[in-house]
Amino acid sequence: MTGRSVSEAHADADAGDGTAGTTTGVTADVAARATAGFCSRYAAEPAGRWAAPGRVNLIGEHTDYNDGYVLPFALPLRTVVAAAAREDQGWTVWSELADHPVEFGPEAVDEPGRVTGWAAYVAGVVWALRDAGYAVPGARLAIASDVPLGSGLSSSAALEAAVLAALVDLGGLDLPAEKQPRLAQRAENHYVGAPTGIMDQSAAVRCRAGHALFLDCRDESVEHIPFDLDEAGLAVLVVDSRAPHRHADGEYASRRRSCERAAAALGVPALRDVAMADLDAALDRLPDDETRRRVRHVVTEDQRVLDTVTLLRAGRVREIGPLLTASHASMRDDFEITVPEIDTAVETALAAGALGARMTGGGFGGCVLALVDADRAVAVADAVRHAYAERAFTAPHTTTVLPTTGATRLG
């Protein structure tokens with residue numbers, strides 16, 4: 001096949017980004033670590049380095065696997081893969097977070113479950129490419145990242161997207177950017193065994209600097225919605241709660257099954273098909289209060305995404321705050337996926353002057369985002385840290401972020 005580079009694919013699919021291919025700030029440090037790891041492990045220079053971001057979901061939680069709407073944006077925090085092709089059909093993967101490299105061949109790749117642990121995400125990408133009929137090159141890879149693990153910022157999708165970008169370029173594979181998220185999602189769903197929706201991989205691949213990614217998870221169409229925080233005098237404060245994920249995998253799967261059962265009971269393909277105007281009637285047809293709460297969250301959350309997009313299109317960024325806060329209340333009360341550390345961060349940020357705040361990610365731990373006046377970001381962060389100390393919670397990590405670009409080749 002005649003292939004294009006990942007950067008070229010992005011230029012076609014998401015023209016106008018303007019930041020692809022740059023290595024600045026923290027990313028440059030991560031890229032240097034990936035390169036140094038490659039040179040040390042393999043005694044050679046890599047053919048290139050590919051980066052993909054973590055993400056924050058501005059609004060739209062647990063709507064993706066219900067065929068609904070989401071509005072993520074990419075973070076400056078990145079996973080970088082330094083890589084080079086090898087002549088045989090084998091893959092060696094080293095990570096700065098692991099004691100030893102992992103090596104696997106086609107037989108292990110083609111049998112989901114043979115490669116386990118963190119390397120399963122890499123093997124899963126190879127498997128998904130091969131399963132889709134692509135001639136995947138053998139490769140040596142070295143991985144470095146500043147996307148924190150287990151924080152709800154989607155370190156797994158960042159890893160998948162960076163590995164996918166590297167293999168697509170090394171093999172000259174004709175795989176356009178708009179088709180990459182679904183393939184990366186298959187890797188996570190069917191090889192790793194995590195029942196995620198399409199949002200995380202779409203954000204890691206397709207986001208644009210200065211914008212949020214309005215994604216219809218049914219048809220995978222996207223619209224880049226301007227999200228100019230600087231112009232509005234605002235900032236997004238991200239609070240990594242450092243709360244341990246409590247039963248996250250099992251509870252996530254449980255919520256998904258509950259939504260699927262509810263859609264079947266209502267006779268619709270997915271909960272996305274329940275209109276807000278029909279919500280009360282739909283709830284009356286469901287058998288128990290827990291299922292009604294789950295459905296109410298998904299249907300109202302989809303509407304909150306649409307309302308947020310409407311405001312952002314009109315440049316009314318400050319007005320989205322109450323929608324963020326309402327989203328959190330719905331996750332806390334109807335979907336029941338928050339924990340005390342998360343609720344404390346949201347309540348404290350709002351009391352300290354945030355325009356809106358919510359948990360972001362799958363829940364049961366992870367991160368909170370707060371929309372704040374830029375000159376209040378430090379004060380809000382200090383208030384959250386103080387509240388954590390009063391409750392003897394592990395100290396949170398706080399940072400302000402701006403929307404950045406999706407997967408790119410760095411050079």
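Residues take their numbers from the sequence shown, with the count starting at 1. Only this structure's heavy atoms are used, side chains among them; waters, hydrogens and symmetry mates stay out.
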> E301 side chain to H62 main-chain N or O, any donor-acceptor pair under 3.5 Å?
Replying inline: no

> Between H297 and E61, is there a donor-acceptor pair closer than 3.5 Å when you use the side chain of the first and the backbone of the second?
Replying inline: yes

> Does the R255 side chain pair with the main chain of F335, one donor and one acceptor, at a distance under 3.5 Å?
Replying inline: yes

> Taking atom types as modelled and ignoring hydrogens, do the side chains of S327 and R358 form a donor-acceptor contact shorter than 3.5 angstrom?
Replying inline: yes

> Considering residues, nucleotides and ligands other than H386, do more than 12 of their heavy atoms fall under 6.0 Å from its NE2?
Replying inline: no

>> Run the side-chain hydrogen bond (donor to acceptor under 3.5 Å, both in side chains) test on W50 and D169 for me, step by step, so that the C-alpha distance in whole Å, both residues' side-chain angles and the decisive distance to 0.1 Å come before the verdict.
In response: CA-CA 9 Å; W50 293 261; D169 275 4; 2.8 Å; yes

>> Quick one, D216 with R218, criterion salt bridge (charged side-chain N to carboxylate O under 4.0 Å, His left out). Give me CA distance, side-chain angles, the key distance, then yes/no.
In response: CA-CA 6 Å; D216 183 329; R218 171 164 286 167; 6.0 Å; no

> Checking N189 side chain against A194 main chain: does a donor-acceptor pair fall under 3.5 Å?
Replying inline: yes

>> Within the structure provided, determine whether L312 and F227 are in side-chain contact (heavy-atom separation under 4.5 Å).
In response: yes

> Between T291 and D288, does a side-chain hydrogen bond (donor to acceptor under 3.5 Å, both in side chains) hold up when you go through it step by step?
Replying inline: CA-CA 6 Å; T291 303; D288 60 88; 2.9 Å; yes

> Checking side-chain hydrogen bond (donor to acceptor under 3.5 Å, both in side chains) for the pair T338/D343: CA distance, chi angles, key distance, verdict?
Replying inline: CA-CA 7 Å; T338 69; D343 291 334; 3.0 Å; yes

>> Looking at every heavy atom in both T405 and A74, which two are closest together, and how far apart are they?
In response: O-CB, 3.7 Å

>> If you apply the rule salt bridge (charged side-chain N to carboxylate O under 4.0 Å, His left out), what do you find for R55 with D200, and how did you get there?
In response: CA-CA 7 Å; R55 64 96 189 94; D200 293 349; 2.7 Å; yes

>> If I compare all heavy atoms of A162 with all of A52, which pair ends up nearest, and what's the gap?
In response: N-CB, 3.6 Å

>> For a 4.5 angstrom cut-off between non-hydrogen side-chain atoms, does V305 reach F214?
In response: yes

> Does any non-hydrogen side-chain atom of L97 lie less than 4.5 Å from one of S95?
Replying inline: yes

>> With heavy-atom distances below 4.5 Å as the criterion, would you say the side chains of L266 and L271 are in contact?
In response: yes

> Taking side chain as C-beta onward, heavy atoms only, is Q303 less than 4.5 Å from V299?
Replying inline: no

> Can you find a pair of side-chain heavy atoms, one from D373 and one from R318, that are under 4.5 Å apart?
Replying inline: yes

>> I'd like to know if the side chain of E96 reaches the main chain of S145, judged simply by a donor and an acceptor atom lying under 3.5 Å from each other, with no hydrogens or angles considered.
In response: yes

> Roughly how far, to the nearest 0.5 Å, is SG of C259 from CG of N66?
Replying inline: 4.0 Å

>> Could you check whether D284 pairs with R292 (Lys NZ or Arg NE/NH1/NH2 to Asp/Glu carboxylate O, under 4.0 Å)?
In response: no

>> Counting C-beta onward and ignoring hydrogens, is there a side-chain heavy-atom pair between P195 and Y252 closer than 4.5 Å?
In response: yes

> R391 side chain to A387 main-chain N or O, any donor-acceptor pair under 3.5 Å?
Replying inline: yes

>> On a heavy-atom basis, which atom in A32 and which in R49 lie closest, and how many Å separate them?
In response: N-NH1, 4.3 Å

>> For Q185 and E160: C-alpha separation, side-chain torsions, deciding distance, then whether side-chain hydrogen bond (donor to acceptor under 3.5 Å, both in side chains) applies.
In response: CA-CA 9 Å; Q185 184 205 17; E160 291 156 358; over 6 Å; no

>> Quick test of your reading of the model: are D382 and R385 salt-bridged, counting only N-O distances below 4.0 Å?
In response: yes

> Excluding sequence neighbours, so at least two apart, what forms salt bridge (Lys or Arg N to Asp or Glu O under 4.0 Å) with R332?
Replying inline: none

> Looking at CG of L234 and OG1 of T400, how far apart are the two atoms once the value is rounded to the nearest 0.5 Å?
Replying inline: 12.0 Å

>> I need the minimum non-hydrogen distance between A381 and T398, along with the two atoms involved.
In response: CB-OG1, 3.7 Å

>> Is it the case that the side chain of T348 and the backbone of A345 share a donor-acceptor pair, with hydrogens and angles ignored and the cut-off at 3.5 Å?
In response: no

>> Taking the ring of H211 and the ring of F73, is the distance between their centroids below 6.0 Å?
In response: no

> Looking at residues at least two apart in the chain, or sitting in another chain, which of them share a side chain to side chain contact (heavy atoms under 4.5 Å, CB included) with S155?
Replying inline: V147, L149

> Any sub-3.5 Å donor-acceptor pair from R272's side-chain atoms to Y65's backbone N or O?
Replying inline: no

> Are E336 and R294 close enough, and set up right, to give a salt bridge (charged side-chain N to carboxylate O under 4.0 Å, His left out), and what steps lead you there?
Replying inline: CA-CA 9 Å; E336 298 178 288; R294 304 295 187 252; 2.9 Å; yes

> Looking only at atom types and distance, does a side-chain atom of D334 sit under 3.5 Å from a main-chain N or O of R296, one as donor and one as acceptor?
Replying inline: no

> What is the minimum heavy-atom distance between L371 and L324, and which atoms define it?
Replying inline: CB-CD1, 4.0 Å

> Which atom pair, heavy atoms only, marks the closest approach of P72 to V70?
Replying inline: CD-C, 3.6 Å

> Do H397 and R242 have side-chain heavy atoms sitting under 4.5 Å apart?
Replying inline: yes

> So, D146 side chain and R78 main chain: donor-acceptor pair closer than 3.5 Å or not?
Replying inline: yes

